[in-house]
2 protein chains.
Amino acid sequence: MPDSSLSPLPEAAGPGRVANRSLSVTDQIRDAILGGTVSAGERINEVRFSKTLEVSRTPVRAALQALAGEGLLDYAPNRGFTVREFPLSAIVDAYEIRASLEGVAARFAAERGLSAEERAIIEESLVAGDKLLARGEFAEGDLTIYRGINGDFHDTLLGAARNRMLAEMIRICHHVPMSSSRNIVAFEHRDVRRRHDDHHRIYEAIMAREPWRAEILMREHVSGVKSSLVKSLIERGEQADIVNGSAAG
Amino acid sequence: MPDSSLSPLPEAAGPGRVANRSLSVTDQIRDAILGGTVSAGERINEVRFSKTLEVSRTPVRAALQALAGEGLLDYAPNRGFTVREFPLSAIVDAYEIRASLEGVAARFAAERGLSAEERAIIEESLVAGDKLLARGEFAEGDLTIYRGINGDFHDTLLGAARNRMLAEMIRICHHVPMSSSRNIVAFEHRDVRRRHDDHHRIYEAIMAREPWRAEILMREHVSGVKSSLVKSLIERGEQADIVNGSAAG
DNA sequence: CCGCAGCAAAGTGAATACAATTAAATCCGA
DNA sequence: TCGGATTTAATTGTATTCACTTTGCTGCGG
């Protein structure tokens, strides 16, 4: 089948002028992968992409190499790139890894301290979350808003860790593609409430300059998301064995 | 100055035939970076490398992109690649991150269990280490041998974790270039003895199927290397402030 | 009917040529 | 002499072309 929904970039896309084609092609192909336009395990054909995106093979190849670096593609010499498959067990593991890494990030942040600006953003996220959760139930769109609040909290803390390698690794964990239907997990009000309480405690630990407490709290916080995911998967009954294979032995 | 000690690949290098030029060029450039032939912060000139390595710019560019993916190079559009600088604080942090990741790997290994082959390799490494350390002091070349033993232990355990992302992240931590003079750290017999004891305990925890104990032990094990590094740096008196900047606030 | 050899088509790898951007040097003009 | 604009060189980005590898097909022989 032809690559539907993968169109060439319109000329001079808006105000933020694109640096070069390779980068924009990278974004487009990444979106195609994450969005499921090209399915997992599929082998990528360079000429097809170059025709679809209306560029030569050169920027396409550059993009594919970049995406392989991000871990989204596999490369085999003389055989090109294939979309990496992420079994359920790998997705679950990714949460575990992220929990560990974000724990370290929280520790670093507590050791190094937050800038005034960072404190402001985090406190704002805490207040905004409190307000959103005060009513005891969600209105339409609230979840999307909370997703932003949550992102601000984590991103700011990650920045405060002041370590690029750590940030990149966590970013890779976030990019692990989870077939989007499964991504809908633990969106009950009670769960979000609990997570937001975690945020408060983590922030307190960091402000109190208690690095190890911050690490443990953050680790448990992220790990909780994994547990929710596993739980909801088991409840739906699907592939419980695979989840098991990764959690037990 | 011209790129000394960076020579083109001899034709048909030995029995293991090289897959393609990009890959071998990648290895050569990586070695040049890690070996210090090209210095940190330096901007990389594509044509110079292509002349030195006697290939066209195409495989050179491919290699540079791959290395950027590994985190060794920075990329700026229309400005090319530069060798990433690793301040002492980043090197110290890398140990901390690796400790956390290898801890997770040990936990996974304990959860998932070891194959017969893996058990064999690890037990062999333990025995070999015991034998090497029995005499109470090192002979010439013993340290190189122990380095191999140590590598077997960690690599095998990492394989037993059965998670590719984890393995790649740890590999990145290992590739953080530390100006090789500083790399000589904690090579006293007593320290190595202590590390080898750690290996025994970690293996016991894994065989006893105690995931969390395995994780804590491994974490502390790797973290100990960091402590030795910091200690030896402070003793040499150099850049103690930078180390501080990463450990305090 | 199965298997293997050889051939043809498709796809990737590398080199060269060209375009666009950036950095440097030069040439004014104040 | 200094500042700045303009031109020139150097360097990166993209396209095109050719070479090589892989793969699938075809047909011959068993």
Side-chain angles (χ1 to χ4, degrees), chain A residues 1-3 6 8-13 16-29 32-33 38-39 41-69 72-84, chain B residues 1-3 6 8-13 16-29 32-33 38-39 41-69 72-84:
Chain A
M1 71 177 177
D3 322 276
L6 195 59
L9 199 74
E11 294 294 325
R17 192 175 120 273
V18 172
N20 61 35
R21 291 178 205 194
S22 295
L23 294 181
S24 82
V25 168
T26 303
D27 289 339
Q28 291 182 78
I29 297 181
I33 295 171
V38 295
S39 46
E42 192 176 330
R43 188 168 159 182
I44 284 185
N45 188 318
E46 296 175 5
V47 293
R48 265 202 0 198
F49 267 86
S50 64
K51 278 178 189 164
T52 310
L53 300 173
E54 293 183 355
V55 293
S56 80
R57 273 176 59 210
T58 310
V60 171
R61 281 178 72 84
L64 296 178
Q65 274 156 345
L67 292 171
L72 263 70
L73 297 176
D74 277 329
Y75 172 73
N78 292 317
R79 205 170 298 182
F81 298 85
T82 55
V83 180
R84 191 187 286 192
Chain B
M1 72 179 176
D3 322 278
L6 197 59
L9 200 75
E11 293 292 327
R17 192 174 118 272
V18 172
N20 62 35
R21 289 178 207 194
S22 294
L23 294 181
S24 82
V25 168
T26 304
D27 289 339
Q28 292 183 78
I29 297 181
I33 295 171
V38 295
S39 48
E42 192 175 329
R43 188 167 157 182
I44 284 184
N45 188 318
E46 296 175 5
V47 292
R48 264 201 4 193
F49 267 86
S50 64
K51 278 179 189 162
T52 309
L53 299 173
E54 294 183 356
V55 294
S56 78
R57 275 176 57 211
T58 310
V60 171
R61 282 177 70 84
L64 295 178
Q65 272 158 343
L67 292 171
L72 265 74
L73 297 176
D74 277 328
Y75 172 73
N78 292 319
R79 205 170 299 181
F81 297 84
T82 56
V83 180
R84 191 186 287 191

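Proteins get letters first, then strands, A, B, ... in listed order; numbering begins at 1 in each.
Between A:T26 and A:A66, the shortest heavy-atom distance links the atoms CG2-CB, 4.3 Å. A:T82 and A:R43 make their closest contact through CG2-CA, 3.8 Å (heavy atoms, listed as atom of the first residue, atom of the second, distance).
Here the nucleotide nearest the side chain of A:V55, chosen from D:dT14, C:dA15, D:dA15, is D:dA15. The side chain of B:S56 sits closest to C:dA15 out of D:dA15, C:dA15, C:dT22. Relative to the side chain of A:R57, the nucleotides D:dA15, C:dA14, D:dT22 differ in distance, and C:dA14 lies closest.
Atom CG in B:L73 sits about 15 Å away from atom C1' in D:dT12, given to the nearest Å. Atom OH of B:Y75 and atom P of D:dT11 are 16 Å apart (whole Å). Here the P atom of nucleotide D:dC20 and the CG atom of B:L23 are 18 Å apart, to the nearest Å. In this structure, the CZ atom of B:R61 is 19 Å from the P atom of C:dT12, given to the nearest Å. One atom, CG of B:L64, and another, P of D:dT11, lie 15 Å apart when rounded to the nearest Å. Note: CZ (B:R21) to C1' (D:dC18) measures 13 Å, nearest angstrom. In this entry the distance linking CG of A:N20 with C1' of D:dT11 reads 14 Å, nearest Å. Atom pair B:Q65:CD and C:dG13:P shows a separation of 13 Å (rounding to whole Å applied).
Rounded to the nearest 0.5 angstrom, B:I29 CD1 and B:S24 OG are separated by 9.5 Å. Separating the CD1 atom in B:I33 from the CZ atom in B:R84 is a distance of 11.0 Å, to the nearest 0.5 Å. Annotation: the span from B:I44 atom CD1 to B:L67 atom CG amounts to 7.5 Å, rounded to 0.5 Å.
Not a single donor-acceptor pair under 3.5 Å links the side chain of A:R61 to the backbone N or O of B:A62. The main-chain N or O of A:T58 is never found under 3.5 Å from a side-chain atom of A:R21 such that the two would form a donor-acceptor pair.
Considering only side-chain N and O atoms, A:T58 lies nowhere under 4.0 angstrom from the phosphate OP1 or OP2 of D:dT14. An OP1 or OP2 oxygen of C:dA14 is reached within less than 4.0 angstrom by a side-chain nitrogen or oxygen of B:S22.
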I'd like a table of atom pairs between the protein and nucleotides 6-11 of chain C - only N or O on both sides, under 3.5 Å - with the distance next to each one.
{"residue": "C:dG11", "atom": "OP1", "partner": "A:N45", "partner atom": "ND2", "Å": "2.9"}

